[in-house]
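The structure appears right after this line, and notes come after that.
Just so it is clear: chains get the letters A, B, ... in the order the sequence lines come, proteins before strands, and each one is counted from 1. For clarity, every value in this text was computed on a predicted model and none was experimentally measured.
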Number of protein chains: 2
Amino acid sequence: MPPRTRPAKPAALDERAAAQLAELFRAFSDTSRIRIISALADGNEKNVSALAEAADVSESAVSHHMRGLRQMRLVRARKSGRQVFYRLDGDHVVALFKQGLDHVRHG
Amino acid sequence: MPPRTRPAKPAALDERAAAQLAELFRAFSDTSRIRIISALADGNEKNVSALAEAADVSESAVSHHMRGLRQMRLVRARKSGRQVFYRLDGDHVVALFKQGLDHVRHG
DNA sequence: GTAATATATGAACATATATTCAGACGTTGC
DNA sequence: GCAACGTCTGAATATATGTTCATATATTAC
């Protein structure tokens, strides 16, 4: 076997992965965003005003949150006329959300 | 069927669950804590100074973080002499951590 | 007893973050 | 054209959060 580059820390996370992981979890770390994501967890897309009502926050606040979630590729946006419909991007997002729910319920 | 109490919002999260979920994810939302949890993810308990070295933060900072994680029952502490050994509390914690890793790697 | 070690604690500070507000932008209907 | 609508944006503000520093507590060794 060739000599390993960092023999002292075998399975540790590199700095990049740690930062990405923290960032991912941070996306779920706010009550309003949890309610937004929860509203999208049924797989049906919803526009901003629907999300605002479901999550009980202003439409402006929703818009701010969605920008972050969009940049992290956790949601996808579809523009139709003057409305923008959001949906969760991929199964991983739902899986992570449900895993968290599972912990809260019986953990 | 009996009439439902809140017919408008069928599967929404109650406020309590949303807050708990956000709090849970917030525990994973910091780079230092991610490295701490990562260091414990192999199942072996580690004392504060070992965690401090693994996560590259001061022992004081580790102590602060562990208090929060303890209060959330994400880690368990075992005192032995003047050392305190921490380990992840339950499989749910590891599962959630790995689920996040999974997303970061191929998401 | 004292000294050294391991961890915990609280205050102070700097930074990050969520929300609100006012306004801008693009789209639809008239 | 104009007005209404849905969404977005940026600045301002309040609050939350992580780290550091000094100190306290508890345990072991002498």
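Side-chain nitrogen and oxygen atoms of Ser58(B) include none within less than 4.0 Å of the OP1 or OP2 phosphate oxygen of dT19(D). OP1 and OP2 of dC8(D) both lie 4.0 Å or more from every side-chain N or O belonging to Arg67(A). For His65(A), a side-chain nitrogen or oxygen approaches OP1 or OP2 of dT19(C) to under 4.0 Å. Here Tyr86(B) reaches the OP1 or OP2 of dA8(C): one of its side-chain N or O atoms lies under 4.0 Å away. Between Arg26(B) and dA16(D), a side-chain N or O to OP1/OP2 separation shorter than 4.0 Å is absent.
Where the helix from dG1(C)-dC30(D) to dC30(C)-dG1(D) starts and where it ends, the local axes point in directions that differ by 20°; five pairs per end, rounded to 10°.
For the 3.5 Å distance criterion, the side chains of Arg70(B) and Tyr86(B) qualify, holding a donor opposite an acceptor.
Between the CZ atom of Phe85(B) and the C1' atom of dA6(C) there is a distance of 10 Å, given to the nearest Å. Protein atom CD of Gln71(A) is 9 Å distant from nucleotide atom P of dT9(D), rounded to whole Å. The separation between Gln83(B) atom CD and dA8(C) atom C1' is 15 Å, rounded to whole Å.
Closest of all the heavy-atom pairs between Ala27(B) and Ile37(B) is O-CD1, 4.4 Å. The two atoms that bring Asn47(B) and Ala50(B) nearest to each other are OD1-N, 2.9 Å, heavy atoms only.
The distance from atom CG of Asp102(A) to atom NZ of Lys98(A), rounded to the nearest 0.5 Å, is 10.5 Å. With rounding to the nearest 0.5 angstrom, the CG atom of Leu74(A) is 13.5 Å from the CZ atom of Arg87(A).
No hydrogens or angles were tested; on distance alone, nothing pairs the side chain of His64(B) with the base of dT17(D) as donor and acceptor under 3.5 Å.
Both Ala50(B) and Ser32(A) sit near DNA chain C, but only Ala50(B) has its closest nucleotide nearer the 5' end. Nearest-nucleotide positions on DNA chain C place Met66(B) closer to the 5' end than the other of Met66(B) and Val57(A).
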Exercise. Using a 4.0 Å heavy-atom cut-off, write out nucleotides 22-30 of chain C from 5' to 3' as B (base contacted by protein), S (sugar-phosphate only) or - (no contact).
Key: ----SBB--
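Between Arg73(B) and Asp89(B), none of the side-chain N atoms (NZ, or NE/NH1/NH2) sits under 4.0 Å from a carboxylate O, so this pair counts as no salt bridge. A salt bridge between Arg76(B) and Glu45(B) is absent, with no side-chain N of the basic residue lying under 4.0 Å from a carboxylate O of the acidic one.
Side-chain N or O atoms of His65(A) include none that pairs as donor or acceptor with a backbone N or O of Ile36(A) at under 3.5 Å.
Residue Glu59(B) is classed as a base contact, given a heavy-atom separation below 4.0 Å to a base.
Ring-plane geometry between Phe25(B) and Phe25(A) is classed as parallel, the angle between the planes falling under 30 degrees on a 0 to 90 degree scale with a further cut at 60.
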